[in-house]
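Have a look at the structure below, then the notes.
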Amino acid sequence: MTKRITFLGIETSCDETAAAVIRENDKGTADVLSNVVSSQISEHKKFGGVVPELAARAHLENIEYIIKVALDESKVSLNEIDGIAATAGPGLIVCLTVGLNIGKSIAAFSNKPFIAVNHLEGHALSPGIENNIQFPYLLLLISGGHSQFLIVKDVNQYEQLGTTIDDALGEAFDKTAKMLDLGYPGGPSVEKASKLGNKNFFKLPEPIINKAGCNLSFAGLKTAVLRESKKLNGDNKLKFNLAASFQNTINKILYKKTKIAIEMFKEKINSSNINLVVAGGVAANISIRENLKKLSEEIGFKTVYPSLKFCGDNAAMIAWAGIQRFKKNLLNKIDVEAKSRWPLDENAPYMKGPGLKI
Ligand code: KG4
Ligand code: ZN
């Protein structure tokens, strides 16, 4: 019987302190032996968003305990673990270094291989935890810091087809929640509120909808929500209508841009079997899932969504990415450092900032 690789994963790039133990299984997917996530929602709630120093302090306070719980729950001793993977970027350096340093220390004292994982690769490979999905596939990565269409050609091989030229989609949800006073975390609260409103009530802009390929833009939409939110005068019905119209506009944008991305994917990859993976925190949004499912039925491709517990930040996806990199011998030295910016496709043009031409 071949030995099944087992990894400890650690994630502290933003506001979740997380550790997990994952083992490969015979189906080509993973047995999730433990997946512990400690969210800092209560700490950040009163500020309406993540405060880096608070997040870093909370990671420091919790990380050792979270790792201990993950190991205990997995019933696997450190001796039986084949390697340690920790997120090394992109993200807040003060936060990243907490998980990265403890991961490196565990690897050093236990004399195990260490893998510095790109958080975005964690999201990109996350569907593989539960699905034996073949490369290449099209990825729509939608999280609090990123919104991109990428071709996932293999582990460590990505080609960016489009990205946001301003805000990330999760950021647009979070800011909308703040403007409508719906509470933190923003995404789930906007989704909930949108179910209570009329999605056709407000006509909101769909920025760059007919240009710039499958690039995305949400800043103009956010400004429009701000303008309308100032006229609500405490009317809850109108507030829910605005949330519903925002969600509906996002769905329309993603529908159109995903259709374009699928065409681009088809031109580059000669395959009749097309899989679209939607990953990252915003992929938890059921309305977005249903909307893209509808598109997939119309133009003939398959959608793959990680389970909700693997959409938001977690360490299972970091351990899983660690195993995939380990199998390709993509190991890191113990002096590897955290990186705040770390695109999956290093050759993709940087799309943000003044002077941008689209
Ligand atoms: O992947 P993630 O946990 O962290 C980052 O890597 O950024 O994504 C967090 C983002 C937040 O902006 C959050 O509001 C959003 O995902 N999100 C949602 C939903 N659940 C989380 N957005 C829309 N609908 C949801 N149900
Ligand atoms: Zn994330």
Side-chain angles (χ1 to χ4, degrees), residues 90 118-128 133-173 206-219 221 249-271 273-285 287-296 298-306 311 317 341-352 356-358:
N118 182 325
H119 180 84
L120 304 177
E121 182 161 59
H123 281 304
L125 302 179
S126 63
I133 177 169
Q134 301 299 313
F135 299 114
Y137 52 83
L138 177 65
L139 170 71
L140 170 59
L141 172 56
I142 37 180
S143 69
H146 297 85
S147 303
Q148 304 171 340
F149 287 102
L150 292 139
I151 303 177
V152 182
K153 297 178 174 173
D154 201 340
V155 177
N156 205 36
Q157 277 187 47
Y158 299 89
E159 182 179 340
Q160 186 177 298
L161 299 179
T163 185
T164 176
I165 60 164
D166 40 56
D167 295 347
L169 185 50
E171 211 176 331
F173 268 97
E206 296 158 33
I208 67 168
I209 194 77
N210 289 318
K211 58 180 178 178
C214 65
N215 287 305
L216 299 156
S217 167
F218 302 109
L221 171 60
T249 308
I250 294 295
N251 283 346
K252 286 200 266 180
I253 295 170
L254 290 182
Y255 184 94
K256 178 84 190 275
K257 294 292 183 174
T258 303
K259 201 169 175 181
I260 296 169
I262 292 278
E263 290 309 318
M264 290 170 79
F265 182 80
K266 275 187 190 160
E267 266 171 40
K268 286 175 182 273
I269 306 288
N270 193 7
S271 165
N273 188 8
I274 295 175
N275 286 307
L276 169 73
V277 165
V278 188
V282 187
N285 187 290
S287 178
I288 291 176
R289 287 180 175 225
E290 285 169 358
N291 169 51
L292 294 179
K293 179 120 205 327
K294 196 167 136 258
L295 174 66
S296 77
E298 271 168 34
I299 63 172
F301 61 91
K302 199 171 154 232
T303 45
V304 181
Y305 297 98
C311 282
M317 68 180 191
R341 185 175 175 272
W342 188 2
L344 279 179
D345 177 356
E346 302 273 358
N347 299 315
Y350 188 57
M351 294 293 282
K352 289 192 185 180
L356 177 74
K357 303 225 176 4
I358 51 168

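Numbers for residues simply follow the sequence, beginning at 1.
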Under the criterion side chain to side chain contact (heavy atoms under 4.5 Å, CB included), I'd like the reasoning laid out for Val152 against Val277: C-alpha separation, chi angles, the key distance, then a yes or no. CA-CA 10 Å; Val152 182; Val277 165; over 6 Å; no

Considering only heavy atoms from C-beta outward, does the side chain of [X] approach that of [Y] to under 4.5 Å?
X      : Y      : answer
Met317 : Pro306 : no
Arg289 : Cys311 : yes
Leu120 : Tyr158 : no
Leu139 : Gln148 : no
His119 : Pro90  : yes
Phe265 : Leu276 : no
Ser287 : Asn285 : yes

Using side chain to side chain contact (heavy atoms under 4.5 Å, CB included), reason through Thr163 and Asn215 one step at a time and then give a plain yes or no. CA-CA 5 Å; Thr163 185; Asn215 287 305; 4.0 Å; yes

Going by side chain to side chain contact (heavy atoms under 4.5 Å, CB included), Ser217 matches just one of Ile209, Ile208, Asp167, Ile253. Which one? Ile208

Flag yes if more than 12 heavy atoms outside Lys293 fall under 6.0 Å of its NZ atom; otherwise flag no. no

Where do Thr164 and Phe218 land on the side chain to side chain contact (heavy atoms under 4.5 Å, CB included) test, with the steps shown first? CA-CA 8 Å; Thr164 176; Phe218 302 109; 4.2 Å; yes

With no hydrogens and no angle check, is any side-chain donor or acceptor of [X] less than 3.5 Å from a backbone partner on [Y]?
X      : Y      : value
Asp166 : Ala219 : yes
Asn118 : Trp342 : yes
Glu121 : Asn156 : yes

Aromatic plane relationship, Tyr137 with Phe135 - under 30° parallel, 30 to 60° tilted, over 60° perpendicular: parallel

How long is the span from the [atom1] atom in [X] to the [atom2] atom in [Y], to the nearest 0.5 Å?
X      : Y      : atom1 : atom2 : result
Leu344 : Ile151 : CG    : CD1   : 13.0 Å
Lys266 : Ile274 : NZ    : CD1   : 5.0 Å
Asn275 : Phe301 : CG    : CZ    : 10.0 Å
Leu169 : Ile142 : CG    : CD1   : 5.5 Å
Leu254 : Glu206 : CG    : CD    : 11.0 Å
Cys214 : Glu263 : SG    : CD    : 11.5 Å

Considering all heavy atoms, the nearest [X]-[Y] contact:
X      : Y      : answer
Ile288 : Tyr305 : O-OH, 4.2 Å
His123 : Ser126 : O-OG, 2.7 Å
Pro136 : Ile269 : CG-CG2, 3.6 Å

Which pairs pass salt bridge (charged side-chain N to carboxylate O under 4.0 Å, His left out) with one or both residues in residues 134-154, sequence neighbours excluded? Lys153-Glu159, Asp154-Lys328

With no hydrogens and no angle check, just 3.5 Å: does a side-chain donor-acceptor pair link Lys252 and Asn291? no

Using the rule given for side chain to side chain contact (heavy atoms under 4.5 Å, CB included), can you reason through Thr258 versus Val278, listing the C-alpha separation, both sets of side-chain angles and the distance that settles it, and then say yes or no? CA-CA 10 Å; Thr258 303; Val278 188; over 6 Å; no

